[in-house]
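Single-structure report; data block below.
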Amino acid sequence: MNSPRIAFRNLTRQKKRSFLLGGAIAFGILIITLVNSFTAGVVDNVQENFSHFLAGHIFLSGFEKTPSGRLLNVIRDDRELIEAIRRVEQERLRYIARRSSLNGVLIFEGANARQQIVGVDWEEERYLRERLVLRAGTIEAALAEPRSLILNEKVARRLDVAIGETLLVQMQTVTGQQNVGEFVLAATSVDTGIFSTVSAYGHRAHVNTLINIAPQEYVTLGVFLEDMGRMEVDAQRLYEALQTRVPLFPRAAGPQAMRGLMRRMAEEQWEGARYQLSTISDFLQPLNQIASTLNTVGLVVVLLLFVIIMVGITNTFRMIIYERTREIGTMRALGLQRGSVRGLFLLEALLLALGGTVVGLAGAAVAGLALSLIDFGMDNQFFVILREGRLTFKVLPAQLAGNVAVVAVLTLLAALVPAGRASKMDPAQALGKTY
Amino acid sequence: MNERMSSTAARPLAPAAALILFALLGVAALGAAAPDFEAILGSIDEMSNFDDTDFSATYTVVSEKPGEETSVFKARLFRRDREEKFLMLFLEPETQKGQGYLQLEDNLWFYDPESRKFSHSSFKENLQDSETKSSDFRRSSLMRDYAVEGYAEETLGRYPVYVIDLKALHGEVPYPRLKLWVRQDNNLALKIESYSLSDRLMRTGYYPNYIQVEGRLIPSRMLFVDELRVGEKSQVTIRDASVASLPDSVFTKAYLERVNR
């Protein structure tokens, strides 16, 4: 017996009913696929945006302790670090970025604003030069002036400072001494939400002078990989390679582990430099938790939806069996076994689920594509979750396969009881039924 | 021949010897007049340190910023310098009431009654958005942290003062350079200028009034002027100063939690 063909023909006999049931399944699949791919896209985009913002996927920081117990965050000699990175990463490395930073107060004619200023080596960070969207001024002007500052347009407006004017900055050195310096506003960058207001850019040499470290020293070494997907594997390999070269702190993922590590750093006393390796994922651990929560909420909503759909499938199959009692009796009289009757109905349910899944996935693809075509622009508060101003949807194959399997199993379960009842019908009684 | 030679050689030596003699006399005279900086700095440190007693007082800080309303905060301060303990409990404004700083040896904790949590803080941070720092209310250690770079004599108001230039001996003090105006008659600091590492004047502190508590002079009024942000200043008034013994329980985290119940 050609069961799939019969099952398919049965489904097409009642087009409206099959369309409604399949449509409900398709809707469920569409929702869960959109939710899953949206959160995966958001996680990716946030990580990507942060990695550009922080200039790296993997980060190395150096720590020293003064005799009085003060913790200094500085990398003075990076030869071993660079050697290990070059050996481990090789062709997977896009670039490395050595950055210093200060957190200070910008002061201009009575107005002031707290601001983090990142000291970059503009020659080393060509990617940053390409990614920065300027509102006024030029990168060339910033490169030419040793005390130049590229500031977010919103902060520049608040300070009422114009291109070419000199601002004061008040900050602390790495050892905590008060210092005051000057910056010349060379350019303003387009406001892109949280990133712009927390970061401004200056020459690393000038920032080093202000925080009182030597010109060749810096605060963070960023490793930007060609493929972010390999970040955790590469980070572990780099950690193992560094272990044989320099004293390392254990890795700490997530805010709680980071706090624990900071406490340990504050309490322990050591001589020389010790290093810490971290990744974007370590910083963004809470984001993964949010994504996971979103996915769970999405799954719960879809499961509730499927409970309703299951009730519909069960009732529909009971009705189908009721309508086809004589047909079942005929098949059984012609020698069809009980298992085959049950299998036929379950196959119908499975085909229904698969049809709905295909339509749902197609719908999700169309909806995702349509949403990703909307250009939200670079200057909005949601910039951090967007890629180049647009939403992205990332389908994770394992997650998708899981969803399809869950839908198939639930549909089969819903059809199992009516199919079982059909298989237990007595052929003589079934043939005698008149409706 | 030899005599003539010796006499011609001796002639140019005479004015040189006279110069050396004058120079030596000058140095000796200067040396005699130079103030005893060790004693002056020691005296200032001693005035602000309470090694043999406890200390408590109520501080009122009035801060002015251009374009903003005058803000006031009041705090009760408890100190036990011999054990490096310090507790500051905020009494006003209502929104900050119950917050506090607790120093236990090298750690400075900030307590927030809203979250009921302690967090690490720094002596170099400004207090409640004023021009004051918690280090302004703690023991001073000028002798240990600074070296005298130079001095001058002048008059501040009606008082003859030494203007002493101090340079930090290490990088772990907030200000790398200080300039002190100290009364010549009693070693009271009347004015302190604080400079950044780039040698820019950042803050000026004025100490116009002192009160005597159990034979010890402490400033009863201080004025801190922000030299970078024009028009920003804070005036500190000290009341109810006492050197009476304090219970050990005051210098504990539990105390800050208890007073907020």
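Treat the numbers as computed from the prediction; the structure is a model and nothing was measured. Labels below follow one simple rule: chain letters A, B, ... track the order of the sequence lines, proteins then strands, and each chain is numbered from 1.
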Could you tell me which residues satisfy salt bridge (Lys or Arg N to Asp or Glu O under 4.0 Å) with B/R258, sequence neighbours excluded, listed by chain and number? none
Between A/E109 and B/R229, does any NZ, NE, NH1 or NH2 come within less than 4.0 Å of an OD or OE carboxylate oxygen? no
In this structure, are over 12 heavy atoms from other groups packed under 6.0 Å from A/K65 atom NZ? yes
Crowded around B/K97 NZ? As in, over 12 foreign heavy atoms under 6.0 Å? no
Atom CZ of B/R144 with >12 non-hydrogen neighbours under 6.0 angstrom: no
If you round to the nearest 0.5 Å, how far is CG of B/L197 from CG of A/N212? 4.5 Å
Heavy-atom cut-off 4.5 Å, strictly under: side chain, backbone, both or neither for B/P66 against chain A? neither
Greater than 12 external heavy atoms within 6.0 Å of B/E46's CD: no
Report which part of A/V105 has an atom under 4.5 Å of a heavy atom belonging to chain B: side chain, backbone, both, or neither. side chain
Name the member of A/N179, A/V174, A/L210 that forms the most heavy-atom pairs with chain B at distances under 4.5 Å. A/N179
A/Q178 and B/R203: side-chain donor and acceptor closer than 3.5 Å? no
Quick one: are B/R200 and A/Q170 in side-chain contact, heavy atoms under 4.5 Å? no
Between the CZ atom in B/R177 and the CD atom in A/Q177, the distance rounded to the nearest 0.5 Å is 13.5 Å
Is the number of heavy atoms from other residues, nucleotides or ligands within 6.0 Å of CD (B/E38) greater than 12? no
How would you list, by chain and number, every residue that makes a side chain to side chain contact (heavy atoms under 4.5 Å, CB included) with A/E217, sequence neighbours excluded? A/V74, A/R76, A/I213, A/A214
Is B/S198 reaching over with its side chain to a backbone N or O of A/V180, donor-acceptor style, under 3.5 angstrom? yes
Nearest 0.5 angstrom please: A/T173 OG1 to B/E172 CD, how far? 9.5 Å
